[in-house]
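Inspection log for the structure reproduced underneath, given as structure tokens.
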Amino acid sequence: MVNAGIRGFKCFLVHSGVDEFPSVTENDVRLAMQQMQGTDAVFLFHAEVELAQGPIIPKEDPSKYSTFLESRPEDMENQAIELVIELCREYRVPCHIVHLSSASAVPMIRQARADGVPLTIETTHHYLSLTAEDVPEGATQYKCCPPVRDSKNQDSLWDALKSGDIDLVISDHSPCTVDLKRLEEGDFMAAWGGISGLQYGLSIFWSNARSRGFALHDVVRVLCEEPAKLSRLNHRKGKIALGMDADLVDQKNTRHKNKVTPYHNMTLRGVIHKTILRGNLIYERDRVCDKPTGQLLLET
């Protein structure tokens, strides 16, 4: 697959929530890293592991967000990141932590990178814009894994993004049908774990970043340049410059199919007027192009 141009492989260190995508063991990771050594491929990790005492099954009301939060403590994330750092240090395979939510993991990440460990980090719009304190009872549209944590943790994530300890910000768009979110029961423990918000990413980020001392060039860096670099496509994607693909973003209605999202009714700053793909207009306010024009890009 690497020889065919695939440059990234993702694994879950804990049950993914979907039986078709089982978790991997440390031995599985070691075997994969042996195959990836000497290539430019990136190993991406959903960084949570089961704790030694086994899964935490809270006995409190499942309609309370605190019940779900208790079931996914920071230690699950921190121990997984510690393992990834150890293996990344040993095999020297580029590794990437997807959707970091635990700010308490930042010190060990910073030290590993200072030691030359080839590790990159992302966080998401929901960890930077939503807080555990503000999740209403039964509002399962807020459920994701790892979970949205408290406001103090969120402040520390913003600090880590500003300092460069976190490289980029992504949507981690995880849509599902309305029934899987268990909105009627409001059961956080049984609901699908994922947040939909791809189309709102730019507005969500800018609405919060502007009040925390970020400028527009920071938006370009963490939303465009760094994702292109991670994807090994920064020779043609990620910035507006001579010789690069002419991809430009110049909405009011929710475009994704299943319209369950915690961002409904939020007031945001920044509106997408147009989207241009390789010089071709594909979106203009409420008009979307009739035929998909995207291409699968493989680095050869």
Side-chain angles (χ1 to χ4, degrees), residues 10 12-14 16-17 44-49 65-66 68-81 84 96-110 119-136 139-175 188 191-214 218-219 221-223 226-227 230 260-264 266 268 270:
K10 180 185 176 182
F12 286 80
L13 295 175
V14 71
S16 68
L44 299 93
F45 292 87
H46 177 112
E48 287 181 293
V49 292
Y65 184 71
S66 58
F68 168 63
L69 192 58
E70 181 187 346
S71 75
R72 313 289 288 219
E74 290 178 65
D75 277 351
M76 289 181 64
E77 205 170 346
N78 295 350
Q79 289 184 27
I81 292 171
V84 172
H96 181 73
I97 303 298
V98 303
H99 45 61
L100 176 74
S101 82
S102 172
S104 60
V106 170
M108 67 170 138
I109 290 168
R110 183 185 301 121
L119 182 69
T120 51
I121 309 293
E122 71 183 40
T123 191
T124 73
H125 298 302
H126 36 272
Y127 300 138
L128 296 174
S129 63
L130 307 175
T131 60
E133 298 95 323
D134 294 329
V135 179
T140 54
Q141 63 267 35
Y142 286 80
K143 179 182 176 179
C144 60
C145 298
V148 169
R149 305 191 190 277
D150 62 29
S151 57
K152 183 179 178 181
N153 181 82
Q154 184 185 91
D155 289 340
S156 296
L157 288 177
W158 276 107
D159 290 342
L161 184 64
K162 180 170 286 189
S163 66
D165 292 310
I166 295 175
D167 300 283
L168 56 120
V169 180
I170 53 88
S171 69
D172 192 33
H173 183 67
S174 181
F188 279 103
W192 172 274
I195 286 178
S196 297
L198 176 62
Q199 80 176 70
Y200 304 123
L202 177 62
S203 300
I204 293 165
F205 185 78
W206 181 236
S207 296
N208 294 281
R210 60 191 297 275
S211 64
R212 292 179 179 267
F214 286 74
D218 297 312
V219 177
R221 174 175 55 82
V222 300
L223 299 190
E226 290 296 333
L230 176 67
V260 181
T261 174
Y263 301 117
H264 279 161
M266 283 190 180
L268 304 173

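FYI, side chains are in, hydrogens and waters are out, and symmetry mates aren't considered; it's all heavy atoms of this structure. Bear in mind the structure is a predicted one, so any value in this text is a computation, not a measurement.
- The closest side-chain donor-acceptor pair between Ser102 and Asn78 falls under 3.5 angstrom.
- Here the closest non-hydrogen pair linking Ser104 and Glu74 is OG-OE1, 2.6 Å.
- Here Arg221 pairs with Asp218 in a salt bridge; the nearest charged N to carboxylate O distance falls below 4.0 Å.
- The nearest pair of heavy atoms linking His173 to Leu198 is ND1-N, 3.2 Å.
- The side-chain heavy atoms of Cys145 and Arg72, taken from C-beta on, include a pair separated by under 4.5 Å.
- Donor-acceptor pairing under 3.5 Å is lacking for the side chains of His125 and Ser171.
- Taking every heavy atom of both residues into account, Phe12 and Lys10 meet most closely at CZ-NZ, 3.8 Å.
- Residues Leu130 and Val148 meet the side-chain proximity criterion, which asks for heavy atoms closer than 4.5 Å.
- In this structure, the separation between OG1 on Thr140 and CD1 on Ile195 is 10.5 Å, given to the nearest 0.5 Å.
- Arg212 has no carboxylate O lying under 4.0 Å from a charged side-chain N of Asp159, or vice versa, which leaves the two without a salt bridge.
- Between Ser163 atom OG and Arg110 atom CZ the span is 5.5 Å, to the nearest 0.5 Å.
- The closest side-chain donor-acceptor pair between Gln154 and Thr131, if any, does not fall under 3.5 angstrom.
- Of all heavy-atom pairs spanning Phe188 and Pro136, the tightest one is CZ-O, 4.0 Å.
- No side-chain heavy atom of Glu226 sits less than 4.5 Å from a side-chain heavy atom of Ile166.
- Contact check for Thr124 versus Ile170: side-chain heavy atoms found under the 4.5 Å cut-off.
- Pro147 and Tyr65 get closest at one heavy-atom pair: CB-OH, 3.5 Å.
- Between Tyr200 and Trp206, the distance separating the two ring centers is not shorter than 6.0 angstrom.
- Counting only heavy atoms from C-beta outward, the side chains of Val222 and Phe214 never approach each other to under 4.5 Å.
- Under the 3.5 Å distance criterion, the side-chain polar atoms of Glu77 are left unmatched by any main-chain donor or acceptor of Glu48.
- Residues Trp158 and Leu128 form a side-chain contact, since some pair of their non-hydrogen atoms from C-beta on lies under 4.5 Å apart.
- The one candidate from Thr123, Leu230, Thr120 that meets the side chain to side chain contact (heavy atoms under 4.5 Å, CB included) condition with Asp167 is Thr120.
- Listed here is the closest heavy atom pair of Lys162 and Gly213: NZ-CA, 3.8 Å.
- Put simply, the residue from Leu161, Val106, Asp165, Ile109 that forms a side chain to side chain contact (heavy atoms under 4.5 Å, CB included) with Ile121 is Ile109.
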